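These figures come from a predicted structure and were not determined experimentally. Chain letters run A, B, ... following the sequence lines, proteins first, then strands; residues in each count from 1.
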Amino acid sequence: MTPHVPTANEPSDSPASGSSYDPEAVEVRWQQYWDERGTNSPDLDAARRPFFNLMMYPYPSAEGLHVGNLYAFTGADIYGRFRRLKGDDVFEPIGYDAFGIHSENHALKVGRHPMELIPANIRNFERMLRAAGLMTDWTRTVDTTDPGYYKWTQWLFVQLHKAGLAEKKEAPVNWCPSCQTVLANEQVIAGRCERCDAAVEQQELSQWFFKITEYAQRLLDNLDWIDWSETTKTAQRNWIGRSEGARLRFPVSAGQGGEGAGDLATVEVFTTRPDTVFGASFMVLAPEHPMVPELTAPATRDAVESYRQGAAGMDLVERKKREGAAKTGVFTGGHVQNPAIGEDIPVWISDYVIMDYGTGAVMGVPGHDQRDFEFAVQHGLPVRAVVCPRAQVPEDADPRDFLPDAGDGAFIEHTPDEVLINSSQFSGMPADDGGRRIVAWLGERDLATPEVNFRLHDWCISRQRYWGPPIPVINCGACGAVAVPEEDLPVELPYLEDFRPTASGASPLARVPGFREAACPRCGGPGERETDVMDTFLDSGWYFLRYPSTEFDDKPFDAARTAAWLPVGSYIGGEEHSVLHLLYSRFLTMALHDLGHLDFEEPFARFRKHGLLIKEGAKISKSRGNVILPDEYVTEFGADAFRMYLMFLGPFQQGGDFRDEGLAGPRRFLGKLWDSVVAATAASETPAATGSGKNSLDPGMDRALHLLIKQVGEHLEELRYNTAIAAAMDYLNRVRYKGRTPSVEEVRPLVVLVAPIVPHIAEELWVMLGGEASIFDNAGWPDYDEAKLAVNRIQVPVQVNGKLRATVTVATGAAQDQVQELAAANAAVSRHLEGVEIRKVIYVPDRLINFVAN
RNA sequence: GCCGGAGUGGCGGAAUUGGCAGACGCGCCGGACUCAAAAUCCGGUGGGCUUCGGCCCUUGAGGGUUCGAGUCCCUCCUCCGGCACCA
């Protein structure tokens, strides 16, 4: 069927032919039309110019679609619709990130099962998303909790496991006593649980990790060429945290420690400042460092033990609180040799050294490191300066034996203009170069190696929870951890009446013998299933690969489809996912590429982060009570006006301030646009009726139109929706100036230009103007004529000493003497030129003329 | 502390990247329509002086570069986001 196509002859009770704009009627009609006609479901196999327009899929919360989601989706949708009008075959899917602790906690709170809550939430989301007028292909949605989906999430695990990129290891983890689960480092905010704010503790658990660190350098390098928001790239660079330095080996001093410590034992440290090794006057190990026992002397054993226990039992909050305060620590009684000077230095342990980074040991250089300095002061350890600014060393001084003005702190700046002092044969050298030479020199005795270190940790994917895809592994006494064969996937998550987490660290699934017991796939012997489930970030790490292939149940993604549609053409999402989701997605894509499953290694060709929406200057939150319910606004103003306002209230990529009063502007604009089209069509049918209706040759208007086409096109491409809308408003004001009746030729392109932003009314008006539905299939993006942008006369501001005094109208490209003459003759200008001498005249053609006088 | 981003009318925000600051919108004021109100339409709207010709000031603060700075440089302040004893 065709949509309702109104004509001038139709009875006035027809919804579209009424003389005033009724958003609800228009929106319902077109949403229905899109559905029935499959307007938004492209034929994925026949597309000539495939364009994958992706938006970050939401977590389907019980509260319904958050306005923040809608803000993001609208921004993405506009871009997709724009590309479609420009001739691309746009695929714009949506899905639901429904697994995870969020859903589970909510289910626990309301005392219902997530398996029954999620479908209801999804239905509600879908309703709201449809009402928002997104160009969603509803035939290809993804739900991460569907076994048909997570079968492939598990498949992904199996592939990585096969490739040796998944390993199980005992690791100290962040344990949230309230959520009863481990948390990833990134889910710990300042020592507290990201979700419940409880203080996080340390616990040792055996867990599965993906070796993302093996990809650290590539993940970093590719950032140089992918087209992403700069801020997002910066965030990833910081997160990966590459630092260049050296691994230095400090031999354990003879006769130290217990009987196990042979003469060959060394303690390794990582440092970014090998140039300062001559100043290392002590060493500090993390309390949990494995070499602590063998370095500890009998006399200090008790003190060391109690300090270690204290550190182990201490939660992260307590550790943070002490930052900046006194640096505690105890002497182990053991010594190591400073490899540069051969001198014995004492080995201490302190909780300011963390096991997680580098080697878990640092050389204490109190002269040039703030933390080491504080520690040395605290514990009476010697401070030795080995670097100082070149300017501080007098000409006649010997840098091998020079005492700089110590001041009362450590000298920690690291500038190019520094030299080594008190560093034997390296003294006097620039610090950077000296550092390299020291590493080479120590390297000859195998005491140093250049090394690059990353802050990035391996990705822990185990969760001791219920609501996630089970890790597809069977532990066998004989064969070890065996991945579930692909043909046995999915390992279905059983329905558990009681899915609460336990305090023991064991997953809820461990309570189900029927689930736990399984035969080893390799030897057939008795085995036990892994009972942890996988991190939600794994679900979202590959969902974009699934969208084009949702109908295939024998493979996660079809090769031809993937080749045609990926990598993603445009991905828009929030900054809160700058690091984790985007980094994990990149890692998984890279790994799949290396394993031969994908022919590209970066999943998102273009990524743009959107800004944060706030309300009346304040962050939107339930506790503030300033939550925006999209439904209410859509009902009152219509989805089009709401969409338009969301995009108008500020620059999309920076966010903006939502104010209720603001909606009136876009709503008025749409009413005015409607009236303009009605007036234009009426005038075109009765040419004699009005004098102004016939015009299509008004040159000023023609220029304005072509300028508008140019501007809107450029602004939409750059996601500068607010200024695109402003330009459209400005144009409509012109066209309607003092009640003028516009021509059809003046308004038809405008309708197309705003269609990405306000799709429903655009469809309606397009038909009203005689176009064939859908506008997105048939209108095409208008072209502008560069020649029509030109003007022959232009106003040029005239300044005297940089102050604006007048403007003169001249021909474009006019010569300086002509403009100067005209400008100088102007009374407002000449007044200021009297009695002064013109020293210089600055003339920028078509821009400005400035008389410099005194 | 470190890394990002931002400070412009009563408010949300523009400004071709060094060239008429305040586009567009909200709000407000005045007018039209109306018995009246709402809606709608038209006009005005940064601040201060004004002899009504104009003049001066103004983009967080202070300096600088330049004929000319919201835009570039230096110092500082404030707010937002992220990271945080990373060796």
Side-chain angles (χ1 to χ4, degrees), chain A residues 20 186 189-191 230-235 237-239 241 243 245 269-273 276 284 286 319-320 322-325 327 350-354 356-365 369-372 374-375 453-456 575-576 578-579 611-612 614 616-617 619 645 648-651 653-666 668-669 671-672 675 711 714 720 722-733 736-739 795-807 827-828 831 839-844 846-853:
Chain A
S20 69
E186 42 274 22
I189 311 294
E230 246 352 278
T231 54
T232 310
K233 295 211 254 186
T234 304
R237 287 193 183 101
N238 291 343
W239 189 265
S243 54
V269 302
F270 172 73
T271 178
T272 54
R273 296 291 306 274
T276 64
V284 190
R319 252 167 117 150
K320 299 291 169 201
R322 304 150 72 99
E323 189 191 338
K327 288 206 161 22
S350 171
D351 59 15
Y352 86 86
V353 177
I354 52 175
D356 266 0
Y357 186 78
T359 62
V362 302
M363 61 178 194
V365 186
D369 182 281
Q370 190 58 36
R371 296 153 303 177
D372 296 347
E374 286 166 22
F375 192 77
N453 225 290
F454 294 94
R455 203 196 77 106
L456 181 70
E575 214 170 9
E576 68 275 16
S578 287
V579 176
L612 191 71
I614 57 174
E616 263 124 48
K619 207 172 179 167
Y645 178 58
F648 184 60
L649 54 73
Q653 293 186 73
Q654 276 157 51
D657 196 356
F658 188 102
R659 292 175 183 258
D660 286 354
E661 320 86 65
L663 267 150
R668 276 178 204 146
F669 171 82
K672 195 167 167 178
D675 293 345
Q711 284 181 335
E714 288 171 357
R720 292 165 54 201
N722 57 331
T723 50
I725 292 167
M729 287 173 163
D730 201 24
Y731 174 76
L732 187 60
N733 287 344
R736 296 302 304 274
Y737 186 64
K738 299 217 189 222
Q795 291 206 318
V796 173
V798 184
Q799 296 183 344
V800 177
N801 284 330
K803 287 190 178 176
L804 180 74
R805 296 303 176 187
T807 61
R831 176 170 47 234
R839 286 188 298 137
K840 195 153 83 164
V841 179
I842 308 285
Y843 177 61
V844 185
D846 299 341
R847 265 292 157 68
L848 155 144
I849 184 160
N850 186 12
F851 293 93
V852 185

Exercise for review: Could you tell me which nucleotide pairs with B:U65 by Watson-Crick or G-U wobble geometry, both distances under 3.5 Å, or answer none if nothing does?
Suggested key: none
Practice item. Measure from the side-chain heavy atoms of A:L804 and tell me the nearest of B:C20, B:A87, B:A84. Key: B:C20
Exercise for review: Provide the Watson-Crick or G-U wobble partner of B:G27, both distances under 3.5 Å; none if there is no partner.
Suggested key: B:U45
Check your understanding: What nucleic acid atoms does A:D675 come within less than 4.0 Å of, heavy atoms only: base, sugar-phosphate, or nothing?
Key -> nothing
Exercise for review: Would you indicate which nucleotide in B:C56, B:C24, B:A14 comes nearest to any side-chain atom of A:A726?
Suggested key: B:C24
Exercise for review: Quick one: label A:E230 by what it contacts on the DNA or RNA (base, sugar-phosphate, nothing), any heavy atom closer than 4.0 Å.
Suggested key: nothing
Check your understanding: Which part of the nucleic acid does A:Y737 contact within heavy-atom distance under 4.0 Å: base, sugar-phosphate only, or nothing?
Key -> sugar-phosphate
Practice item. Report which part of the nucleic acid A:I842 touches: base, sugar-phosphate, or nothing (heavy-atom distance under 4.0 Å, all strands). Key: base
Check your understanding: In the structure shown, which nucleotide is the Watson-Crick or G-U wobble counterpart of B:C79, with both distances under 3.5 Å?
Key -> B:G5
Practice item. Mind calculating the distance between OH (A:Y645) and C1' (B:C11) to the nearest angstrom? Key: 10 Å
**Study point:** Among B:C86, B:A15, B:C20, the one nearest A:T807 by side-chain distance
**Key:** B:C20
Check your understanding: So what does A:N733 touch, heavy atoms closer than 4.0 Å: a base, only the sugar-phosphate, or nothing?
Key -> sugar-phosphate
**Study point:** Among B:C55, B:A87, B:U16, the one nearest A:T272 by side-chain distance
**Key:** B:A87
Exercise for review: Say whether, by atom type as modelled, one donor and one acceptor occur between the side chain of A:N801 and the main chain of A:V852 under 3.5 angstrom.
Suggested key: no
Check your understanding: Among B:A15, B:C24, B:G19, which is the nearest nucleotide to the side chain of A:D730?
Key -> B:C24
**Study point:** Geometric class of the A:F270/A:Y357 ring pair [parallel <30°, tilted 30-60°, perpendicular >60°]
**Key:** perpendicular
Review point. Checking all strands, does A:R668 fall into the base, sugar-phosphate, or nothing category for heavy-atom contacts under 4.0 angstrom?
Key: sugar-phosphate
Point to revise | Distance-only donor-acceptor test (3.5 Å): side chain A:K738, base B:C41 | key: no
Check your understanding: Given B:C57, B:G19, B:G43, which nucleotide is nearest the side-chain atoms of A:K803?
Key -> B:C57
Check your understanding: When we call it a touch if two heavy atoms are under 4.0 Å apart, what does A:V362 touch: a base, just sugar-phosphate, or nothing?
Key -> base
**Study point:** Selected nucleotide, minimal atom distance to A:F648 side chain, candidates B:G12, B:A84, B:C85
**Key:** B:G12
Check your understanding: Within the pair A:N722 and B:A14, is there a side-chain N or O less than 4.0 Å away from OP1 or OP2?
Key -> yes
**Study point:** Pair A:D372-A:Y352, side-chain donor/acceptor within less than 3.5 Å
**Key:** yes
Check your understanding: Looking at B:C20, B:C24, B:A15, which one has an atom nearest to any side-chain atom of A:T723?
Key -> B:A15
Review point. Does a side-chain N or O from A:R805 land closer than 4.0 Å to OP1 or OP2 of B:C56, or not?
Key: yes
Review point. Taking the side chain of A:V852 as its heavy atoms from C-beta onward, which of B:U40, B:C56, B:C67 lies nearest to it?
Key: B:C67
Practice item. Ignoring backbone atoms, test whether A:K840 places a side-chain nitrogen or oxygen under 4.0 Å from the OP1 or OP2 oxygen of B:C67. Key: yes
Distances under 3.5 Å between protein N/O atoms and the N/O atoms of nucleotides 1-4 of chain B, please, pair by pair.
unit_1, atom_1, unit_2, atom_2, d
B:C3, O2', A:N238, ND2, 2.9

Point to revise | Watson-Crick or G-U wobble mate for B:U71, both contacts under 3.5 Å | key: none
Practice item. Counting heavy atoms from C-beta on, name the nucleotide in B:C56, B:C67, B:A6 closest to the side chain of A:Q654. Key: B:A6
Check your understanding: So does A:R371 get a side-chain nitrogen or oxygen closer than 4.0 Å to the phosphate oxygens (OP1/OP2) of B:C86?
Key -> yes
